[in-house]
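To keep things clear, I will list the structure first and then write my remarks on it.
Side-chain atoms are counted along with the backbone in the values below, which use heavy atoms only and exclude waters and symmetry mates.
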Amino acid sequence: MKNATPNVIPPRPHTEDEPDHVTSAIHHFPAHKKSSVPVERTPKFHLPDAAKRLWDKRIKFHPIVYILVFIAITIFTTLMLEWSVLVEPKVPNQDQTLAGYQSVKGQLTFFVTKMWLFGKYQFILNILVLGLAYLVLILLINRFWIASAIFTVTALVFSVANKIKVPLRNESVVPSDLHFIAGGTGGKLLSFVPENQKPLVVKGVLWLVLLIAVCVLVQFADKRKGIIETSWRHPTASKNVIRHNLARLVSVLISLCLLLGFSFGLGTEGSLPQRFAHRLSDFPVPSGEITDAYTNGPAITFLRLLHTKVMERPRGYSKATMTDLVKRYSDQAQQINTQRSQNLTDNTVIMVLSESFSDPLRVPGISYSEDPMPNIRQLESTTTSGLMLSAGYGGGTANMEYQAFTGLSMANFDPSFSSAYQQLVPRQRWTPSLNQLWNQAHGPKSSIALHGYSGEMYFRNTIYPKKYKFSKFYAADGPNTLKDVKAIDSAPYASDESLYDETLKRISPDSQQFLQVVTIQNHSPYSNWYADNQFANENTSTANLDQDEKSSIDTYVKGVDYTDSATQSFLDSLNAIDKPITVLWYGDHLPGIYDTAYADPANTLALHQTDYFIWSNAASASANTKLPDTDAKITSPNYFPAQLAEHLNAKVSPYLAFLTLMHQSIAATGPAASGGNNDDQPVYLDANGAVMAPDSLNASSAKLLHDYQLIQYDMTAGKGYLKDTDFLKD
């Protein structure tokens, strides 16, 4: 009898993408058991012999290579991010040594060397944080070169965005900008890129493609496919596989927890991450996030703003306190209303936010031989008007809009809070706004909004109908499209004239309305797009402007001229309508083009003041009304609801009574940056525009300010005790 042939599985060749311990485990499976691991694999494709020999000759890079590349990329991205927030001085110092220090190269060198010169270690802190983020990415993907490509490309995109945004808006990229992109408007960002910055975008794209190509090629050249060689397809094939899988899982969890813990704790007072950052010289600079970015590093500033609180809980906040507050200001409202005969909602009110409008002749060093805004200047002499303290320079439109709607002040929010429409309003359950008074008086269809650009900007397409309760929102896109808005010459944005025409079409002849109108004509950038710009030859500025700055200002000034004419025509058309109509018109902020003026800290307050007026047509009982300078010369947008009621001689709710008293006591309020404060104290102005130090307020003003903080906290971050009271009702 012949011996039976043993049932032996033939030797199986080791494949190079399979760890040795996996192959060993497969070869030692008992012959009588059916293995779940495939014995042979059929290749999906066949390489030519020469290519296969080359492929087989790949080597696993030595760990020291990864370490050196990791260090080099981390340092490089740290320097690139810091470079992105530095700008060359517009007026170079005559002293060559000082000029060298003030240049971008000099500032970048100082950012690194100050750890030796002054014991300031922000450079090291940024390296550690960016290195940790880089490590998390490597461990998550487990492919060193692919992770390196993603990390470096992200840093490059962030840097290019900073390099464009900083000169335009005097601020770096912040977390709320990610909300902006998530809202669907990312594709429109290129329209805001100035012509002189477009070559930077092209270079950035080329570098991006090159970085990706290099990293992909090196990934193919490196035989090591995983930093920690794991096998998730066969997680229990051997003890080594189990150990490696657990090691990778634990390392990912630890590094990710460290990164998230640091990121969300950095902005929390007294937290361990904040204390660690302090030891490495990180101290927030409250005078502005751009100053914080180039002092402490943009990566740290970004993380600091990632987890922000709305505002501090004011002392004494409770239901009893708010009940007492309602009673006190109800009494004040009764006193005010004995002197007033009209109702606010008996008028049609049009609130116009004029994009970037401000008198250019008020900017230090800027002058023209022709006045670009003669009509509005004449109007300001005959109707309620003055200067509005803006919380922004070069940007921040939605924050001014938010204050005008709600009566709340950006000055009361935490210094880390940057965007109401992106960080607060979308998650609020209760968002009272001025237009809702018309909804209550005349029905839900009585308030509408118009914007000459995309409705997705700052989530307006969601906030207007769902939070502010506008019945319709007309924009350049979306379900209610403004089809007849058009630009002037080669300008990219809808003209004020065409938007005013669209507004006139939607004024009801039968009922009173509230209309919100947001223009876009004078939005940056400014690229010499007007065919007949006489102001290019009438610039008599004494400031030492370079050609780019002069060209931008000349284009902007021509836009102001067009706005001036269009606004006068709009008011003339309203004057011909036989129903009471009042227009509350304001510029939201100055354009970020006055680099020479902004370089002087003494000009900061002046560059945060815009023009506003309140005008009523001939059919209104308030026609030709001009409030005295004590009530109108200086304001901020949070006071607009109270000023509107005063201009119309209208009765007020307890809330508007409070805002009236508050405005009489502190004429304007703004965050620290609006006045150039070097600490985190808000800016307060008196009726003449002089700065009022917070610690020098009299007892009455201090009491009103504390009540303001209580009200704002309750309406935004507190329990909402005021919601079920008559505090906001007429």
Side-chain angles (χ1 to χ4, degrees), residues 183 342-353 398 401-408 420-421 424-452 454-483 499-500 502-518 574 577 579-584 617 619-620 637 640-642 644-645 648 650-656 659 715-716 720 722-730:
Q342 304 296 314
N343 293 314
L344 195 60
T345 55
D346 288 343
N347 306 267
T348 285
V349 169
I350 305 174
M351 182 179 285
V352 179
L353 184 156
E401 184 179 299
Y402 171 79
Q403 294 177 93
F405 273 136
T406 64
L408 305 178
Y421 275 14
L424 174 64
V425 178
R427 57 186 174 85
Q428 279 188 292
R429 294 184 178 180
W430 176 48
T431 312
S433 56
L434 180 61
N435 66 292
Q436 292 175 26
L437 296 177
W438 275 257
N439 292 354
Q440 295 162 12
H442 305 291
K445 294 184 178 180
S446 58
S447 63
I448 63 173
L450 302 92
H451 181 31
S454 170
E456 296 173 340
M457 292 279 289
Y458 293 110
F459 302 108
R460 287 189 181 95
N461 59 344
T462 299
I463 289 173
Y464 277 4
K466 293 185 178 180
K467 299 299 181 178
Y468 290 156
K469 309 302 181 184
F470 282 100
S471 61
K472 283 193 176 180
F473 174 35
Y474 299 90
D477 56 11
N480 300 303
T481 303
L482 296 172
K483 297 181 179 179
L499 185 60
Y500 285 151
E502 291 287 343
T503 303
L504 290 169
K505 295 176 187 177
R506 289 164 176 82
I507 296 177
S508 170
D510 303 320
S511 63
Q512 303 302 342
Q513 302 165 282
F514 183 99
L515 294 92
Q516 160 74 355
V517 180
V518 181
L574 295 176
I577 299 176
K579 62 178 288 187
I581 300 175
T582 292
V583 175
L584 196 164
N617 70 348
S620 171
F640 282 160
L644 178 65
L648 291 172
K651 296 178 180 180
V652 295
S653 64
Y655 182 39
L656 293 188
L659 288 176
M715 293 172 67
T716 59
L722 295 174
K723 182 178 181 180
D724 297 324
T725 70
D726 293 332
F727 188 65
L728 282 84
K729 298 178 182 178
D730 290 337

Over-ring placement of Arg506 relative to Tyr474, 6.0 Å and 45° cut-offs: yes
Distance (rounded to the nearest 0.5 Å) between Lys445 NZ and Ser511 OG: 10.5 Å
With Lys651 via side chain to side chain donor-acceptor pair (under 3.5 Å) - residues at least two apart: none
Pairwise side-chain contact, Thr582 with Ser620, heavy-atom cut-off 4.5 Å (strictly under): yes
Heavy-atom side-chain contact between Gln516 and Tyr468 under 4.5 Å: no
Check against side chain to side chain contact (heavy atoms under 4.5 Å, CB included), Asn480 and Phe473: CA-CA 7 Å; Asn480 300 303; Phe473 174 35; 5.5 Å; no
Asn439 side, atom CG; Phe514 side, atom CZ - distance, nearest 0.5 Å: 10.0 Å
Ser446 versus Gln513, side-chain donor and acceptor atoms under 3.5 Å: no
Taking every non-hydrogen atom, the tightest pair across Pro444 and Ser471: O-CB, 3.2 Å
Minimum side-chain heavy-atom gap Asp346-Gln512 below 4.5 Å: no
Partners passing side chain to side chain donor-acceptor pair (under 3.5 Å) against Asn435 (at least two apart in sequence or in another chain): Ser433, Ser447
His451 side chain to Asn461 backbone, donor-acceptor under 3.5 Å: no
Closest contact, heavy atoms only, Val652 versus Ala645: CG1-CB, 3.9 Å
Separation between NZ of Lys723 and CG of Leu728, rounded to the nearest 0.5 Å: 12.0 Å
For Arg460 against Val518, the heavy-atom pair lying closest together: NH2-CG1, 4.1 Å
Validation row, ring centre Phe405 to ring centre Phe470 under 6.0 Å: yes
Lys483, NZ: over 12 other non-hydrogen atoms inside 6.0 angstrom: no
Nearest-0.5 Å distance that lies between atom CG in Leu408 and atom CD in Gln403: 8.5 Å
Steps toward side chain to side chain contact (heavy atoms under 4.5 Å, CB included) verdict (Tyr655, Leu722): CA-CA 10 Å; Tyr655 182 39; Leu722 295 174; over 6 Å; no
Close side-chain approach of Thr406 and Met715, heavy atoms under 4.5 Å: no
Heavy-atom pair of closest approach, residues Trp438 and Leu344: CZ2-O, 3.5 Å
Shortest non-hydrogen contact from Pro654 toward Lys729: CD-O, 3.5 Å
Any donor-acceptor N or O pair under 3.5 Å, side chains Glu401, Tyr421: yes
Taking every non-hydrogen atom, the tightest pair across Ala650 and Asn343: CB-C, 3.9 Å
Heavy-atom side-chain contact between Leu574 and Ile350 under 4.5 Å: yes
Inter-residue atom distance Leu450.CG - Thr503.OG1, 0.5 Å rounding: 4.5 Å
Distance (rounded to the nearest 0.5 Å) between Leu515 CG and Lys472 NZ: 13.0 Å
Min side-chain heavy-atom separation Ser653-Leu656 under 4.5 Å: yes
Leu434 side chain near Leu644 side chain, heavy-atom distance below 4.5 Å: yes
Residue pairs, two or more places apart or on separate chains, that pass salt bridge (charged side-chain N to carboxylate O under 4.0 Å, His left out) and touch residues 462-471: none
